[in-house]
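Just the heavy atoms: all of them, side chains too, but no hydrogens, waters or symmetry mates, feed the values below. By convention in this document, chain letters (A, B, ...) are assigned in the order of the sequence lines, proteins followed by strands, and residues within each chain are numbered from 1.
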2 protein chains.
Amino acid sequence: MAITRPLSRGDQTREALISAALGVFGRSGFDAASTRAIADAAGVNQALIGYHFGGKHGLYLGVFEHIVGQMQQHMAPVAEEVVSRLADAPAGQPARRELAVQLLQSIFDAFNDMSFEHAPEGWVRLILREQQDPTEAFQLLYDGIISRMIGLVTQLVAMGSGLEQSSEACRIRAMMIFGQVLVFHTARGTVSRHLGWDPPGPDSLRALKQQFRLVIESQFPPGVVVP
Amino acid sequence: MAITRPLSRGDQTREALISAALGVFGRSGFDAASTRAIADAAGVNQALIGYHFGGKHGLYLGVFEHIVGQMQQHMAPVAEEVVSRLADAPAGQPARRELAVQLLQSIFDAFNDMSFEHAPEGWVRLILREQQDPTEAFQLLYDGIISRMIGLVTQLVAMGSGLEQSSEACRIRAMMIFGQVLVFHTARGTVSRHLGWDPPGPDSLRALKQQFRLVIESQFPPGVVVP
DNA sequence: GTCTATAAAGTGATAGAC
DNA sequence: GTCTATCACTTTATAGAC
């Protein structure tokens, strides 16, 4: 935890702008979001965007730096645990398969908790937009957090399946596993209608995590080693 | 196939506008897309949007009607085949599990072919936007095609897993299966970097379909009936 | 560091000529 | 059915007072 001390007026303005911009950019996208709407939501004068961030685009990048920092904080503990448990794991094939399943489950438990509970509304939408049309901001995201997470998951898929970690098949499988949890964010409208999750509540999150655990187990069944 | 006959000038204008709007709305979203940009891309006068569609919003709805029609055409054959093969399937549990796996594979083979090969660039992005913030257009999509597809897949998941078709667990599993293929569209940026698919080509599609088939098989393993 | 005021460019819709 | 011209409004950025 960083030490918190009284923020200067300028810092307060910056924080208010970032927080407001998160929501407005998330809802409308970069082009359709107006600096006036952001300034109003932040309770701040529109001209201050230019002063503090150099303009609309600078504010946009500031938002993503903030998101990356938050995501790193949420995922760091579990990522470190996974790495250390991988380091001193026994060598036997069946034991490693079981460990892979277990670690995948804890990674995605944390990931689901973050994306459903702690992440402000705007995160998911902003990241999704950048995935569709990557700009400078996607670089921050990918290098800051995504790269590390997809790398870990790919490594665990290799361990659990017997596939070569560097193979295309293994990387495809890793993407698919992410897809199984991301779909509940990306296909929001269908989730709302087909599951009646509008919005998803604590019960939804519990049910989702349970099904995910079951699916992971069935995808890496005991005693099977894919050649 | 509908009979094709020479289009009147007005029909040509409408088609050009829909096609251009597909791309521009897809890239920029409704608010950020300008009617001038659409008209220019269509090689048509800006005032004609008002004449033919009543305005920007009417054109947007027209685009989605067009998309729903195209998707129905692509998916109808396989959907009908699935329904008929379900109708006269034998009653034995193991045989039905195997059939479910097989039908899921053919549904998603068709779905992947459509979304990677035949779907114009704009489809995926437009649908994704509506999933995030459903408007009137999402109703068209859901009632026109999504509802039917997610329903079929849920039914097959029930058959393959032994879960009750109306259970939440079963519907969650169906969403997850869609997630496994949708992620290659929704997480485009990560797919591009992690897999080097930029854009995904025929080889990518082949590899994806193969992995999907394997995953489906492992998710509904022979001889296991979930209580 | 914050504010008001405004410049310069772009927006969707539409009236009216052809 | 198509075109030009234009209205009323909103956009981002910024100059200059405090």
Undergrad: Measuring from the side chain of His52(B) (C-beta onward, heavy atoms only), which nucleotide among dG12(C), dG1(D), dT14(C) has the closest atom?
TA: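 When the side chain of His52(B) is considered, dG1(D) is the closest of dG12(C), dG1(D), dT14(C).
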Undergrad: When you compare the side chains of Thr13(A) and His52(A), does any donor N or O come within less than 3.5 Å of an acceptor on the partner?
TA: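 Result is no, nothing qualifies.
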Undergrad: Look at the side chain of Arg36(B) against the base of dG10(C) and say whether a donor-acceptor pair falls under 3.5 Å; ignore hydrogens and angles.
TA: no
Undergrad: May I ask you to verify if any side-chain N or O of His57(A) is less than 4.0 angstrom from the OP1 or OP2 atom of dA13(D)?
TA: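 So the side chain of His57(A) is outside the cut-off, no N or O lying under 4.0 Å from OP1 or OP2 of dA13(D).
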Undergrad: Between Asn45(B) and dG1(D), does any side-chain N or O lie under 4.0 Å from OP1 or OP2?
TA: no
Undergrad: Within this structure, what is the CD1-to-P distance between Ile38(B) and dG10(C), rounded to whole angstrom?
TA: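 In whole Å, dG10(C) P and Ile38(B) CD1 are 17 Å from each other.
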Undergrad: Take the protein atom CG of Leu48(A) and the nucleotide atom C1' of dT14(D), then report the distance between them rounded to whole Å.
TA: 13 Å
Undergrad: Below 4.0 angstrom from OP1 or OP2 of dG1(C), is there any side-chain N or O of Thr13(A)?
TA: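 For dG1(C), OP1/OP2 do not have a side-chain N/O of Thr13(A) under 4.0 Å.
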Undergrad: Output yes when a side-chain donor or acceptor of Ser28(A) lies under 3.5 Å from a complementary backbone atom of Phe25(A), and no otherwise.
TA: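 Between the backbone of Phe25(A) and the side chain of Ser28(A) there is no qualifying donor-acceptor contact (under 3.5 Å).
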Undergrad: Specify the residue among Gln46(B) and Arg9(B) whose closest nucleotide of DNA chain D lies further upstream toward the 5′ end.
TA: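 Checking each residue's closest nucleotide, the 5'-ward one belongs to Arg9(B).
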Undergrad: Just checking Gly55(B): base, sugar-phosphate only, or nothing, at a heavy-atom cut-off of under 4.0 Å?
TA: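 Sugar-phosphate contact only - Gly55(B) comes under 4.0 Å of backbone atoms but never of a base.
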Undergrad: I want to check one thing: is the phosphate of dT10(D), taken as OP1 and OP2, less than 4.0 Å away from some side-chain N or O of Ser34(A)?
TA: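 So the side chain of Ser34(A) is outside the cut-off, no N or O lying under 4.0 Å from OP1 or OP2 of dT10(D).
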Undergrad: Please classify the nucleic acid contact of Ala39(A) as base, sugar-phosphate, or nothing, using heavy-atom distances under 4.0 Å.
TA: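 Since no nucleic acid heavy atom lies under 4.0 Å of Ala39(A), the category is nothing.
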Undergrad: Is there a donor-acceptor pair closer than 3.5 Å between any side-chain N or O of Lys56(B) and the backbone N or O of Phe30(B)?
TA: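 At least one qualifying donor-acceptor pair exists.
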Undergrad: Charged N to carboxylate O below 4.0 Å: is that the case for Asp109(B) and Arg213(B)?
TA: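 So Asp109(B) pairs with Arg213(B) through a salt bridge.
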Undergrad: Across the strands shown, which category fits Ala33(B) at heavy-atom distances under 4.0 angstrom: base, sugar-phosphate, nothing?
TA: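 Since only primed, P, OP1 and OP2 atoms lie under 4.0 Å of Ala33(B), the category is sugar-phosphate.
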Undergrad: Can you tell me how far C1' of dA17(C) sits from OH of Tyr51(B), to the nearest Å?
TA: 15 Å
Undergrad: Looking at Asp198(B) and Arg193(B), is there a salt bridge between them, counting it only when a charged N and a carboxylate O are closer than 4.0 Å?
TA: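 Not counted as a salt bridge, because no side-chain N and carboxylate O are separated by less than 4.0 Å.
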Undergrad: What contact category does Ser8(A) fall into here, base, sugar-phosphate, or nothing, at under 4.0 angstrom with non-hydrogen atoms?
TA: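 The answer is nothing, as Ser8(A) stays clear of every strand by at least 4.0 Å.
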